[in-house]
Amino acid sequence: MKKFGWVFCVLIVCTALAGLFLKNSNKNGYEKTEFLFDTPCTVTAYGKDAKIAVEAVFERLAEIHKVTDAFSETSDVARINSAESGEEIFVCQDVADILSRAETVTVDSRGAFDVTVASVSALWNFSGEGRVPQKEEIEKALDLVGRDIFDGKNVVKKALSDEKIDLGGAAKGFGGDAALEVLRGYDVSGAIVDLGGNICCMGTNPKTENGMWRIGVQKPFSPTGEFDEVVEISEGSVVTSGTYQRYFEKDKKLYHHIIDPKTGYPADRDYSSVTIVTEEGSCCYADCLATACFVLGREDGEALAEKYGAKIIFK
Ligand code: AMP
Ligand code: MG
């Protein structure tokens with residue numbers, strides 16, 4: 001009987017230690033970073049399936065990247081951009097979904113967000129060294145902006161061959177939604193997805209007492225990426241569009257990548273970033289809204305965010 005008691009005690013201690021170990025390994029989770037959508041993308045998941053779930057998320061993100069990447073000749077975006085006028089381009093369901101969400105925000109923002117702004121933004125060459133286009137070039141390209149090219153299903157048709165689209169303001173958010181969808185199919189207790197400033201999360205954060213996710217809002221142009229505000233959410237998205245994310249300087253003037261489709265110039269505002277916080281709803285909408293609200297300005301930006309039930313932070 002005495003011997004049995006010892007075995008019992010050892011078993012309890014072992015079980016407790018195993019429990020502690022498992023709890024700690026759950027707490028550390030599984031994290032992976034890859035460069036997609038022209039930006040570092042990090043996914044961290046916790047729970048039994050954390051590793052396979054994160055790997056599956058990256059497979060899905062690579063799929064979306066492949067069809068939205070304007071620099072790959074075979075992407076749907078490149079096929080649209082190189083199409084002749086009147087040619088019918090059939091796009092995959094992911095691109096069709098991004099286009100229809102983008103279109104909703106185009107209508108709601110009265111054109112402040114518009115994927116056809118690409119004809120103008122291409123002139124600025126933000127993905128290269130950057131250049132300030134001539135006024136005449138901008139005026140000519142503006143004629144190609146704001147045109148209706150999507151049939152709302154799976155077909156894109158341009159009236160003029162030179163019309164172009166750019167999904168840079170929406171694809172990362174769509175990737176966030178797709179990532180959460182994949183994660184929900186696994187035994188994952190919580191996860192956070194960061195696609196270049198587009199952050200979305202689900203489940204419980206094992207690193208906080210209350211299980212909430214704490215997301216820092218970056219201080220614009222901070223060389224160390226310092227945060228000056230922290231947003232706490234249980235689930236949802238925190239998406240930032242900022243001038244500091246992509247810009248160049250010429251003659252002591254800063255030119256950034258968020259273009260006002262009405263003028264063809266970088267939106268000139270008294271803030272450097274807009275953060276959209278949504279506890280419900282899609283990360284893709286939050287992505288489009290952050291860009292749209294940046295262009296719209298404080299008053300109209302606040303009204304648009306409110307329409308989508310989102311909180312807005314200007315920095
Ligand atoms: P984001 O990274 O979400 O802040 O969006 C900025 C990116 O969206 C830019 O790098 C461009 O690719 C694209 N973009 C810039 N201005 C606009 C706009 N007014 N509407 C839609 N897309 C835009
Ligand atoms: Mg955006």
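Remember, it's 1-based here, ligands and their atoms both numbered in the order they're listed. The basis for the numbers below is simple: all heavy atoms, side chains too, and nothing from hydrogens, waters or symmetry mates. Computed from a predicted model, the values in this text were never measured in an experiment.
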Name all residues meeting the side chain to side chain donor-acceptor pair (under 3.5 Å) criterion together with T275; count only those two or more places apart in sequence or in a different chain, and write none if there are none. T240
Examine T291 and say whether one of its N/O/S atoms is closer to the Mg ion (ligand 2) than 2.8 Å. yes
Same apolar cluster (I L V M F W Y, side chains within < 4.5 Å links), L61/V95: yes
Validation row: Y244, H256 side chains within 4.5 angstrom (heavy atoms): no
Less than 6.0 Å separating the ring centroids of F294 and F314? no
If we count only N and O atoms by modelled type, under 3.5 Å, do the side chains of Y46 and N205 hold a donor and an acceptor together? no
Contact table ligand 1 N or O to protein N or O, d under 3.5 Å:
{"unit_1": "ligand 1", "atom_1": "2 (O)", "unit_2": "K172", "atom_2": "NZ", "d": "3.1"}
{"unit_1": "ligand 1", "atom_1": "3 (O)", "unit_2": "D287", "atom_2": "OD1", "d": "2.9"}
{"unit_1": "ligand 1", "atom_1": "3 (O)", "unit_2": "T291", "atom_2": "OG1", "d": "3.2"}
{"unit_1": "ligand 1", "atom_1": "4 (O)", "unit_2": "S241", "atom_2": "OG", "d": "2.6"}
{"unit_1": "ligand 1", "atom_1": "5 (O)", "unit_2": "T291", "atom_2": "OG1", "d": "3.4"}
{"unit_1": "ligand 1", "atom_1": "8 (O)", "unit_2": "G169", "atom_2": "N", "d": "3.1"}
{"unit_1": "ligand 1", "atom_1": "10 (O)", "unit_2": "H257", "atom_2": "ND1", "d": "2.9"}
{"unit_1": "ligand 1", "atom_1": "12 (O)", "unit_2": "D166", "atom_2": "OD1", "d": "3.2"}
{"unit_1": "ligand 1", "atom_1": "12 (O)", "unit_2": "D166", "atom_2": "OD2", "d": "2.4"}
{"unit_1": "ligand 1", "atom_1": "16 (N)", "unit_2": "I259", "atom_2": "N", "d": "3.1"}
{"unit_1": "ligand 1", "atom_1": "19 (N)", "unit_2": "A112", "atom_2": "O", "d": "3.0"}
{"unit_1": "ligand 1", "atom_1": "19 (N)", "unit_2": "I259", "atom_2": "O", "d": "2.8"}
{"unit_1": "ligand 1", "atom_1": "20 (N)", "unit_2": "D114", "atom_2": "N", "d": "3.0"}
{"unit_1": "ligand 1", "atom_1": "20 (N)", "unit_2": "D114", "atom_2": "O", "d": "3.4"}

Is it true that Y285 and F113 have ring centroids separated by less than 6.0 Å? no
Working note: N125 + E129, criterion side-chain hydrogen bond (donor to acceptor under 3.5 Å, both in side chains); need CA distance, chi angles, decisive distance, verdict. CA-CA 7 Å; N125 191 24; E129 294 211 329; over 6 Å; no
Opening angle between O in D287 and O in G169, taken at the Mg ion (ligand 2), to 10 degrees: 90°
